[in-house]
Number of protein chains: 2
Amino acid sequence: MTPDDRDDATAPEQRVTIWERLDRPGRGPRPTLTHDQIARAGVEIADEQGLDAVSMRRLAERLGVATMALYRYVSSKDDLLELMIDAVSAEIELPPDAGWRDLARSFAHQLRAVGLRHPWLTAAFARVPHALTPNLIARVEDILHSLDGLALDVDAMMAVFGTVNAFVRGATAGEVVQREAARKEGRESEEETKLAHLPYVRWLMGLDRYPTLTRYIIEGSNEDDAQWQFEFGLECVLDGIGTRLGI
Amino acid sequence: MTPDDRDDATAPEQRVTIWERLDRPGRGPRPTLTHDQIARAGVEIADEQGLDAVSMRRLAERLGVATMALYRYVSSKDDLLELMIDAVSAEIELPPDAGWRDLARSFAHQLRAVGLRHPWLTAAFARVPHALTPNLIARVEDILHSLDGLALDVDAMMAVFGTVNAFVRGATAGEVVQREAARKEGRESEEETKLAHLPYVRWLMGLDRYPTLTRYIIEGSNEDDAQWQFEFGLECVLDGIGTRLGI
DNA sequence: ACAGTCGCGTGTACGACGTACGCTGTTTTC
DNA sequence: GAAAACAGCGTACGTCGTACACGCGACTGT
């Protein structure tokens, strides 16, 4: 027998999101920091030294406050990551009055650009439970709005955004993982990275189990590979959506 | 002969991947563990209690060895994550002799299934520098092989895989983030999750800044939403690829 | 004007983490 | 048999997130 139907000690945890608490009325002393400052400082650290370097202690030191002071602004480190995600998400600016296709394309390119400019973003997305921050929600709204009036039901509209979004995140994540690995291991140039992987690649090819992959490594023009692949994939996605929905 | 005739003191750090070290010849005592056992135990812990619960101490305890004994098998925790990724990647089995489209579709569905069955996988991918483990490489080879003989150059072939892979990872990541958040906060049913988000959603809608999004929340049939969206997106991607490459 | 109370900033402390290092004992190779 | 290589282990260090209690400053209601 499991007496689980009255145990609300753990059940209805109504977590209030940080966004709802952002500008609370002032009673007591004036806060010395703003959420914006905190997010910005966190982004700076992450950009310079990677996401692992963003600790509450380091962040507090950079802001000139005690470590625990930060917890007056964020309820946990996850909250901090949400702030940081939202901060860099603000860098995305979409053209007004564009059709859904141009809008989606612009969103895709810019989300990728943000992800590459802030390589920690991918890892942050994977860690944070509630990644729908206001600045991202606003862009969702923009794209949904551009799809309105095309005789689509709302599920289809959301599916369009979801598909583009999924592709961009996956593609960017793939690119970023490699760069971050390079940074962590102290490599600086693309050339150095290729050199570091060389023994492993050689070993793989020597196994003779991956002939087609081997051909790609030998014949492939690894010139601007990632950028080209992204644009190729994106256009495929947009074409596929347009055709399937007749828009 | 000189056992060490390397001249390049400044060369990049030649990290030897764990895969190249897997079955080294035995000198000294017999190992009591295998890499397979370790990976399996790690996967068990992660499945049961989440990726954060996979610590070297806990893993060692489950395996009945001292913590530091594990470092005879993996050189770091990242290595361990690679082993775990490879272990669950083995769950993907593709049909033999299928066309590229069926093969890609099967790969997509199974990779998603693995990601949902092991919700920590997404986070692991984001943490690990070299996520191309043998079992994944083998599937890449399968798909590339199915594209051979269609008059594509190798770059295009790789782009096909890359596009499908990116979409699947992005889509799965999105689904998983929500489930993991629910698990972390102790929620069990989908209903409970919806209830927990209700105040935030209401607050968002009350801002009156996201009318189309609001319509989606109200009108959307959130029934089997994720599964449907995934299949919709996947077919768009496959269609787009097929049309663009004429295959 | 004054008391109450709310909340900001802080210091300390706890339990967990990854892992460097050195030791002991076993197995293989010369 | 001696030497070398290597498995397993215990200890220790530095770091992390954050719970908690304290003191002080600023607003609110009287």
Side-chain angles (χ1 to χ4, degrees), chain A residues 15-16 18 21-35 37-38 41-42 45-46 49-84 120 123-124 127-129 184-185, chain B residues 1 3-4 13 15-16 18 21-35 37-38 41-42 45-46 49-84 120 123-124 127-129 184-185:
Chain A
R15 198 185 85 104
V16 178
I18 190 174
R21 289 182 282 110
L22 267 195
D23 284 316
R24 43 202 194 292
R27 169 94 149 256
R30 290 277 162 68
T32 50
L33 301 176
T34 67
H35 288 84
Q37 279 175 61
I38 295 176
I45 298 177
Q49 307 166 34
L51 191 59
D52 289 344
V54 182
S55 72
M56 301 303 271
R57 286 172 231 264
R58 253 192 284 264
L59 181 58
E61 189 188 17
R62 177 172 290 234
L63 288 166
V65 297
T67 304
M68 295 309 291
L70 294 177
Y71 284 91
R72 297 283 168 198
Y73 300 87
V74 296
S75 66
S76 68
K77 192 174 178 182
D78 276 359
D79 258 14
L80 170 65
L81 291 183
E82 280 190 57
L83 284 181
M84 290 170 58
W120 47 269
R127 252 186 264 292
V128 169
K184 267 190 196 167
E185 295 175 10
Chain B
M1 70 167 93
D4 194 358
E13 187 179 343
R15 197 185 86 104
V16 178
I18 190 174
R21 288 183 283 108
L22 268 194
D23 284 315
R24 44 206 194 288
R27 171 96 150 257
R30 289 277 163 67
T32 52
L33 300 176
T34 67
H35 288 85
Q37 279 175 60
I38 295 176
I45 297 177
Q49 302 163 257
L51 191 58
D52 289 345
V54 181
S55 72
M56 300 304 272
R57 286 172 232 263
R58 253 193 283 264
L59 181 59
E61 190 188 19
R62 177 173 289 235
L63 288 165
V65 297
T67 305
M68 293 309 290
L70 294 177
Y71 283 92
R72 297 283 168 196
Y73 300 87
V74 297
S75 66
S76 70
K77 192 175 178 181
D78 276 0
D79 258 15
L80 169 66
L81 292 184
E82 281 190 56
L83 283 181
M84 290 169 58
W120 47 269
R127 253 186 263 292
V128 168
K184 268 189 196 168
E185 294 174 12

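No hydrogens, no waters, no symmetry mates; every other heavy atom, side chains included, goes into these values. Chain naming here is simple, since letters A, B, ... match the order of the sequence lines and numbering starts at 1 in each.
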In this structure, how many angstroms lie between the C1' atom of C:dA16 and the CD atom of B:Q49, rounded?
15 Å
Of the candidates C:dT10, C:dG25, D:dG25, the side chain of A:P29 sits closest to D:dG25
Taking atom OG1 of A:T67 and atom CE of A:M56, what is their separation to the nearest 0.5 Å?
8.5 Å
Minimum-distance nucleotide (side-chain atoms of A:R30 versus D:dA7, D:dC27, C:dT28)
D:dC27
How many angstroms lie between CG in B:D52 and CZ in B:R58, if you round to the nearest 0.5 Å?
9.0 Å
Just compare C:dA20, D:dG25, D:dC20 and give me whichever is closest to any side-chain atom of A:M68.
D:dC20
Separation of atom CG in A:D78 from atom P in D:dG17, rounded to whole Å:
11 Å
Over how many whole Å does the gap from A:K77 atom NZ to C:dC17 atom C1' extend?
13 Å
To the nearest 0.5 Å, what is the distance between CD (A:E61) and CD1 (A:I45)?
8.5 Å
Please report the distance, rounded to the nearest Å, between CG in A:L51 and C1' in D:dT15.
16 Å
For C:dA16 and B:R58 - does any side-chain N or O of the residue sit under 4.0 Å from the phosphate oxygens OP1/OP2?
no
For the pair made of CD in A:E61 and C1' in C:dT10, what is the distance, rounded to whole Å?
16 Å
Short side-chain N/O contact from B:Y71 to OP1 or OP2 of D:dC9, under 4.0 Å
no
Non-hydrogen side-chain atoms of A:L81 and A:L51 separated by less than 4.5 Å
yes
Whole-Å distance between C:dG18 C1' and B:L59 CG?
13 Å
Taking A:Y73 for the side chain and A:L33 for the main chain, is one N or O donor matched with an acceptor at less than 3.5 Å?
yes
Look at all strands and tell whether A:V54 reaches a base, only sugar-phosphate, or nothing, counting heavy atoms closer than 4.0 Å.
sugar-phosphate
Comparing B:S55 with A:L70, nearest DNA chain C nucleotide closer to 5' gives the residue A:L70
Counting any heavy atom closer than 4.0 Å, what does B:R57 reach on the DNA or RNA strands: base, sugar-phosphate only, or nothing?
base
Check the distance between C:dG7's P and A:R72's CZ and give it to me in whole angstrom.
9 Å
Take the protein atom CG of A:L80 and the nucleotide atom P of D:dT18, then report the distance between them rounded to whole Å.
10 Å
